[in-house]
**Q** 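My structure is below; once you've seen it, I'll send some questions.
Being a predicted model, the structure only gives us computed values, none of them experimental. All values below come from the heavy atoms of this structure, side chains included, with hydrogens, waters and symmetry mates left out.
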Amino acid sequence: MRNAMTLYRVVNPDSLGSYTELLHHQPTEHRVDDAEALPRLREWALALLDRTEERFGMYQIAIMPLDQHHRPDENAFHDLIADDTEVIEDYLCWSGCSELVPAGDR
């Protein structure tokens, strides 16, 4: 199964009506359950955000299966979660020029 690193913007993160909007994806050889992929995924997403004009907000990153059209397959990703497969996903808070982290993490 082919996979991709994905970057989504979380729209309305503080409401029950929140959803994600796909911004970028890039094919990768990492598997969805490859725990060593998270550092590379974070590095890719932060570099991408730094090169774009994305403003303050919350972003979801994940290693996601690709469908037959080489697009991220969110349904297949959710099926993996439902099957208790360990998947790679995380969230970033972006200030517009750097990642925001809790004060205790510095």
**Q** Determine whether His24 and Met5 make a side-chain contact, defined as any pair of heavy atoms from C-beta on separated by less than 4.5 Å.
**A** no
**Q** Arg31: what forms a salt bridge (Lys or Arg N to Asp or Glu O under 4.0 Å) with it, not counting sequence neighbours?
**A** Asp33
**Q** Do Leu46 and Trp94 come within less than 4.5 Å of each other through their side chains, counting heavy atoms only?
**A** yes
**Q** Let me confirm one number: the OH-CD1 distance from Tyr91 to Ile61, rounded to the nearest 0.5 Å.
**A** 10.5 Å
**Q** May I ask you to decide if His69's main-chain N or O and Asp67's side chain share a donor-acceptor pair within less than 3.5 Å?
**A** yes
**Q** State, yes or no, whether a side-chain contact exists between Glu29 and Asn3 at a heavy-atom distance under 4.5 Å.
**A** no
**Q** Side-chain contact test, heavy atoms from C-beta onward, threshold under 4.5 Å: evaluate it for Phe77 versus Ile63 and give yes or no.
**A** no
**Q** Would you say that more than 12 heavy atoms from the other residues, nucleotides or ligands in this model lie under 6.0 Å from the CD of Gln26, or not?
**A** yes
**Q** Looking only at non-hydrogen atoms, find the nearest pair between Tyr8 and Pro72 and report the distance.
**A** OH-CB, 3.8 Å
**Q** Can you pull the salt bridge (charged side-chain N to carboxylate O under 4.0 Å, His left out) pairs that have at least one residue in residues 69-82, sequence neighbours excluded?
**A** none
**Q** Nearest 0.5 Å please: distance from the CG atom of Leu48 over to the CG atom of Leu23.
**A** 8.0 Å
**Q** Please report the closest heavy-atom contact between Ile88 and Leu41, naming both atoms and the distance.
**A** CG2-CD2, 3.9 Å
**Q** How long is the gap from CD1 on Ile81 to CD on Glu86, to the nearest 0.5 Å?
**A** 10.0 Å
**Q** Who passes salt bridge (Lys or Arg N to Asp or Glu O under 4.0 Å) against Asp50, sequence neighbours left out?
**A** none
**Q** Just so I know, are the side chains of Val11 and Thr20 near enough to count as touching, which here means a heavy-atom distance under 4.5 Å?
**A** no
**Q** Would you say the side chain of Trp44 lies within less than 4.5 Å of the side chain of Thr28, judging by non-hydrogen atoms?
**A** no
**Q** On a heavy-atom basis, which atom in Val10 and which in Gln60 lie closest, and how many Å separate them?
**A** CG2-N, 4.0 Å
**Q** Report the C-alpha separation of Arg42 and Glu99 in whole Å, then their side-chain angles, then the decisive distance to 0.1 Å, and conclude whether the side-chain contact (heavy atoms from CB on, under 4.5 Å) test is met.
**A** CA-CA 10 Å; Arg42 291 183 68 79; Glu99 181 180 12; 2.4 Å; yes
**Q** Check whether the side chains of Arg40 and His30 place a donor and an acceptor atom closer than 3.5 Å, and report yes or no.
**A** yes
**Q** How many angstroms lie between CE in Met64 and CZ in Arg2, if you round to the nearest 0.5 Å?
**A** 15.5 Å
**Q** From Ser95 OG over to Leu49 CG, what is the distance, rounded to the nearest 0.5 angstrom?
**A** 10.0 Å
**Q** Which distance, rounded to the nearest 0.5 Å, do you find between the CZ of Arg51 and the CD of Glu54?
**A** 12.0 Å
